[in-house]
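Reminder, nothing fancy here: chain letters follow the sequence lines and each chain counts from 1.
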Amino acid sequence: MNEPIILVENVSVNLRVDGGANLKTELLSLPKKMTSQGRNRRCIRALNKVSCKVKRGERVALIGHNGAGKSTFLRLVSGIIRPSEGKVTIGCNVSPILAKSFITGQLMSGRTAAKAHYLLSDSIQMSLGEYIRDVTDLSGLGDAIDLPVKGYSEGMCSRLLFSMMTTGLHECLALDEGFGTGDRDFYAKAEKRLDEFISCTGTLLLASHSEELVRRFCSRGIVFRDGKVIYDGEVDDAIRFYHDN
Amino acid sequence: MMGKWMMRSGSTMTTKVWQGVVWKKRKAWWFTATARTKERYARSKLGNIWIGLSTLLTSVLLGVVYGNLFKVKDPLSFFIYIALGLTTWNALATSIGNSPNMFRNNQILLKNTNIHPAFFAFEEWAFNMIELSQSMGFITIAVVLIQPEIALNILLWGWLPIINLCVAMFWIPVLCGVASVRYEDFFQIVPLALQLSFLLAPVLYTKEALGSTQWIADINFLYQIINSVRSSFLGDGVDLKITFTLCLINCIGTLTTMGILDKFRYGIRSYV
């Protein structure tokens, strides 16, 4: 329990905002690059000298305004992006739930999407049949699991994705905004699922604007502002700090 | 060292792409590729039969037109020549032509999941392999019905050139895909290069028709890939020098591409 599984040391992340480069400009700027006169790229500093340590089994809420750096932090610890400066050490498999997007296309069924996720995942310790059954039960989709995803409502997509991502064993879950679009019945099931996950000493990183959700599932809060960690402590204190500052 | 993996600025995570993505996830990328094929023809009554049927129809029509244009004496042999050339060209050109969108089409997943970009490269390759096998299967049945000895030629000589074609259909599109993510200009360059390659390659006509400019075909890598498949099918044997040169280029190309995919995996996510 006291073993740190995520160690972020003095990390800064610069994100490019200009997309792909122009070949002509790149070729013309080649002499400058060769003489180390720097690169003219438009970047934003999404994280600025962030340091923190997350222990196994901790439930950490990431609190802050939009653009404060919460999602970038989740992407960083999930291995989606790498630090521009500093060092990140990860001692577990981090499963990110960041976007409502399936691996398979919109004309494919929910079952196909779930099967693709099952095949891709390293951490699911059950048979495909059990997995699909569990996903169908939790999402409450019933027979709709065999219909094309294109016809699903936003809530159905959200439920299916949450069910797919949380079924099976996960050491660490990086959750962005949670499961806000589901109905009350699903919300209760999802809470139960997260309780089960936490009771198995799974580590939870939850970025959310919902204080209810954060208080319900997290014991520690990290407040972000302008890419910096401005508070790290008990979740109630963190929420209070966020409101006061 | 406490962690399974570590990231520092300026360095990359040490992962074994071949083991981690290619082999371990093989069922996943093959499954998503087959799902894509099903999705493509989900609303079609004939389904993926269209892949073979369209190639066959095009070959028949172009065989008639170009047969008349070049006043060929044996229309059936010319049809076989055109059909084999066109099928292999279409497979190779389609894979390269679609490559600039290989990573762009998956940008939401690339930016929000920790799936290695190599996964999408292999999914694209598997998708192209399914299309190739279906169109090639359809055409092979048609040409074997006309000229049964082609079946024996395929078994004796055809396998190595086909392997070359399949490998080329991996690394050339992936290299173009990575370059297109990095440089927007590749969206314009790729179709232009493909068009020039096609017009300068004797796919719909014989190499002899080029006269003194046959060297243009000789230096065309895409044509050499296609021609080695077609020649072996037609029983002209295998030019070992060309086949092994293509093998060598493919090996170097594949290893380089895998290295680039791993080295620029964060760059691909960042630029896409």
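How far OG1 of A:T104 is from NZ of B:K38: 11.0 Å, rounded to the nearest 0.5 Å. Between atom CG of residue A:L120 and atom CG of residue B:L109 there is a gap of 9.5 Å, rounded to the nearest 0.5 Å. Interatomic distance, CD1 of A:I81 versus CG of B:N114, reported as 12.0 Å (0.5 Å rounding). Distance check, rounded to the nearest 0.5 Å: CG of A:L119 to NZ of B:K24 gives 13.5 Å.
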Which pairs would a plain distance check flag for residues 95-102 of chain B, meaning a side-chain donor or acceptor within less than 3.5 Å of a matching protein atom at least two apart in sequence or in another chain?
residue : atom : partner : partner atom : Å
B:S95   : OG   : B:A91   : O            : 3.4
B:S95   : OG   : B:L92   : O            : 2.7
B:N98   : ND2  : B:T94   : O            : 3.3
B:S99   : OG   : B:I96   : O            : 2.5

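Considering all non-hydrogen atoms of both residues, A:I80 and B:Y266 come closest at O-CD2, 3.4 Å. Of all the heavy atoms in A:G79 and B:R269, the pair that sits closest is O-NH1, 3.7 Å. For the pair A:L107 and B:E39, the tightest heavy-atom approach, listed with the atom from each and the gap, is N-OE2, 2.9 Å.
Looking at A:S121, only its backbone comes within 4.5 Å of chain B, counting heavy atoms on both sides. Neither the backbone nor the side chain of B:F120 has a heavy atom closer than 4.5 Å to any heavy atom of chain A. With a 4.5 Å cut-off on non-hydrogen atoms, A:I103 touches chain B through its backbone and its side chain both. At a 4.5 Å heavy-atom cutoff, the contact between A:F102 and chain B is made by backbone atoms alone.
The side-chain heavy atoms of B:F31 and A:T112, taken from C-beta on, include a pair separated by under 4.5 Å.
Among the candidates B:K111, B:R26, B:R40, B:E123, the residue making the largest number of heavy-atom pairs closer than 4.5 Å to chain A is B:K111. Residue with the most contacts toward chain B among A:Q106, A:E9, A:K115: A:K115 (heavy-atom pairs, distance under 4.5 Å). For the set B:T113, B:I108, B:I115, B:N106, the count of heavy-atom pairs under 4.5 angstrom toward chain A peaks at B:T113.
If you check the side chains of B:N112 and A:R75, you find a donor sitting under 3.5 Å from an acceptor.
Other residues, nucleotides and ligands place no more than 12 heavy atoms under 6.0 Å from the CG atom of A:D226.
In this structure A:E130 satisfies the salt bridge (charged side-chain N to carboxylate O under 4.0 Å, His left out) test with no other residue, sequence neighbours excluded.
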